[in-house]
Q: 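I'd like to ask you about the structure that follows.
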Number of protein chains: 2
Amino acid sequence: MASRPYHHGALEIALTDAAIEVVRSSGIGALTLRDLARTVQVSPSAVYRHFPSRDHLVSRVSQLARQALARDLLTRRDAVTTRGRPARRTVERFEEIGRTYVQFAIDNPHMFEAAFVRCDIRPVNPDHPDAWGVLVDAIDQMIDAGAVPETRRQDGPIISWAGVHGLAQIVTASTWPDGVSADAHIDAVISGITRSLR
Amino acid sequence: MASRPYHHGALEIALTDAAIEVVRSSGIGALTLRDLARTVQVSPSAVYRHFPSRDHLVSRVSQLARQALARDLLTRRDAVTTRGRPARRTVERFEEIGRTYVQFAIDNPHMFEAAFVRCDIRPVNPDHPDAWGVLVDAIDQMIDAGAVPETRRQDGPIISWAGVHGLAQIVTASTWPDGVSADAHIDAVISGITRSLR
DNA sequence: GCGGGAATGTGAACACCGTCAACATTCGTG
DNA sequence: CACGAATGTTGACGGTGTTCACATTCCCGC
């Protein structure tokens, strides 16, 4: 008959792919085991051979979302090729990371929400790449280039992270009026963060 | 028989009270209409006489959480009675507001989550008091007292809000290691925000 | 090659959930 | 007092996560 074989073959991958698609377009709240099983043409309980519970699946999607964000940060950071004094380039890379962080949230609000959803299940493998690490590196570069005082090596990351993460949350929030450009606010916050590192 | 009367009498208040209690202790995800109806000793569908849907109830709890936060900000702000130059007091009040914002999230993580939960239902009445307004006022006071340049009247609020809100999110997140004191990070971010308003 | 355990998928069931429609009771006002 | 409005109940529907017993297939050691 050669209909669908009894064993799917790559069910775990198919499930995570489908899950990401659902989350990207409809949000983490719309993620349903049964719906997922339907789209992958598999019985609901088959999911449990690969994920112990729905929360584990959510946790996996969340990690993938964080990694997608971190990859975005790296790509856009490396695209900054400023000529002139190296110190200036470190600052511009740092600011590009911040802008990209917020822009990711604006462009993919559901994925951003999923990336930091409250979840009790911790990922088995650490994130790679890791957004926090990208930020720490950028600040280290600025300090090494003399663009930012040594003092900031310790508190610089948390200050910057809080700023961009908070702005991303605010701009993504449902209370934010649609159609209002966020660009001015982004520039204001990024400038403010850079100023706070002086 | 004078058991419970057929009409509850103050069901809406009882429901919101019970809902807040559930959210405070177990989070917004644990909020269930049926469970709520059980604790108030009422049939599940009775809830629909007061809330058109679960989302409307969630929206109500969310608003109450935001108002509780705002009240906390006002109380702690007014408790700051610094002697000496008025300009100094405006800054200390501003920083106390920021610290209180983050501390609220640490002390009531579930209520803080609920306060900014993504929700399609907009509250009928505006928040009162309103945390954003408290922050704007504090910055206006600093500017009027000459502690902060006039330029910050426009971008000061978003810069400050992003910082404290982001820090609150980070400290509240599940990835934050338990038992690690957040005080140093709070001080660092608050100082950074004040510095960025220069 | 083949036999058997491990891995993977199925089907039916359970308890719970949000929501609704039809009905019952009480309140409040003319 | 009567009667409509407000409020609460009962029972049902479809959906959900999860589990358990069972079916099928894969793969490794003989």
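Just so we're on the same page: letters track the sequence lines, and every chain starts at 1.
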Q: Classify the nucleic acid contact of A:T32 as base, sugar-phosphate or nothing, counting any heavy atom under 4.0 Å across all strands shown.
A: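 It contacts sugar-phosphate atoms only.
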
Q: Of the residues in residues 49-60 of chain A, which ones touch DNA chain D at a heavy-atom distance under 4.0 Å?
A: A:R49, A:S53, A:R54

Q: Side-chain atoms of residues 128-135 of chain B: list all donor-acceptor pairs with protein atoms under 3.5 Å, sequence neighbours left out, distances to 0.1 Å.
A:
residue, atom, partner, partner atom, Å
B:D130, OD2, B:G133, N, 3.1

Q: Could you tell me whether the side chain of B:T39 and the main chain of B:L36 form a donor-acceptor pair under 3.5 Å?
A: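 A pair under 3.5 Å: yes.
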
Q: Less than 3.5 Å between a donor and an acceptor, one on the side chain of A:R34 and one on the base of D:dG15, is that the case here?
A: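 Result: no qualifying N/O pair found.
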
Q: Please report the C-alpha distance between B:E96 and B:R93 in whole Å, then the side-chain angles of each, then the deciding distance to 0.1 Å, and finally whether the salt bridge (charged side-chain N to carboxylate O under 4.0 Å, His left out) criterion is met.
A: CA-CA 5 Å; B:E96 180 66 9; B:R93 286 195 155 180; over 6 Å; no

Q: Return the nearest nucleotide to the side chain of B:V42; candidates are D:dG8, C:dT19, C:dC17.
A: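 Per side-chain heavy atoms of B:V42, the pick is D:dG8.
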
Q: If you check the A:Y48 side chain, which of D:dG17, D:dT16, C:dC17 turns out closest?
A: D:dG17

Q: Once side-chain hydrogen bond (donor to acceptor under 3.5 Å, both in side chains) is applied, do any residues pair with A:H56, and if so which ones, sequence neighbours excluded?
A: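 With sequence neighbours excluded, A:H56 shows a side-chain hydrogen bond (donor to acceptor under 3.5 Å, both in side chains) to A:S53, given in chain and number order.
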
Q: Just jot down the salt bridge (Lys or Arg N to Asp or Glu O under 4.0 Å) partners of A:E95, sequence neighbours excluded, or say none.
A: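 Applying salt bridge (Lys or Arg N to Asp or Glu O under 4.0 Å) to A:E95 gives none.
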
Q: Measure the distance from CG on B:L33 to P on D:dG8 and round it to the nearest whole Å.
A: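 In whole Å, D:dG8 P lies 15 Å from B:L33 CG.
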
Q: Any N/O pairs under 3.5 Å between the protein and nucleotides 26-28 of chain D? List them or say none.
A:
none

Q: Would the number of heavy atoms belonging to other residues, nucleotides or ligands and lying under 6.0 Å from CG of A:D120 be above 12?
A: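 It does not: A:D120 CG has 12 such atoms or fewer within range.
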
Q: Output the rounded distance in Å from CG (B:L15) to P (D:dG8).
A: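 About 9 Å, once rounded to whole Å.
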
Q: Side-chain atoms of residues 80-89 of chain A: list all donor-acceptor pairs with protein atoms under 3.5 Å, sequence neighbours left out, distances to 0.1 Å.
A:
residue, atom, partner, partner atom, Å
A:T82, OG1, A:E92, OE1, 2.7
A:R88, NE, A:E92, OE2, 3.3
A:R88, NH2, A:E92, OE2, 3.1

Q: Using whole Å, report how far CG of A:L36 lies from C1' of D:dT16.
A: 13 Å

Q: Test B:D127 against every option in B:R66, B:R122, B:R71 by the salt bridge (Lys or Arg N to Asp or Glu O under 4.0 Å) rule and name the one that passes.
A: B:R66

Q: Taking atom types as they are modelled, is there a donor-acceptor pair under 3.5 Å from the base of D:dT10 to the side chain of B:S45?
A: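 When only heavy-atom distances are counted, B:S45 does reach the base of D:dT10 through a donor-acceptor pair under 3.5 Å.
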
Q: Taking B:S25 for its side chain and B:E21 for its backbone only, find out whether a donor-acceptor pair lies under 3.5 Å.
A: yes

Q: Output the rounded distance in Å from CG (A:L11) to C1' (D:dT24).
A: 15 Å

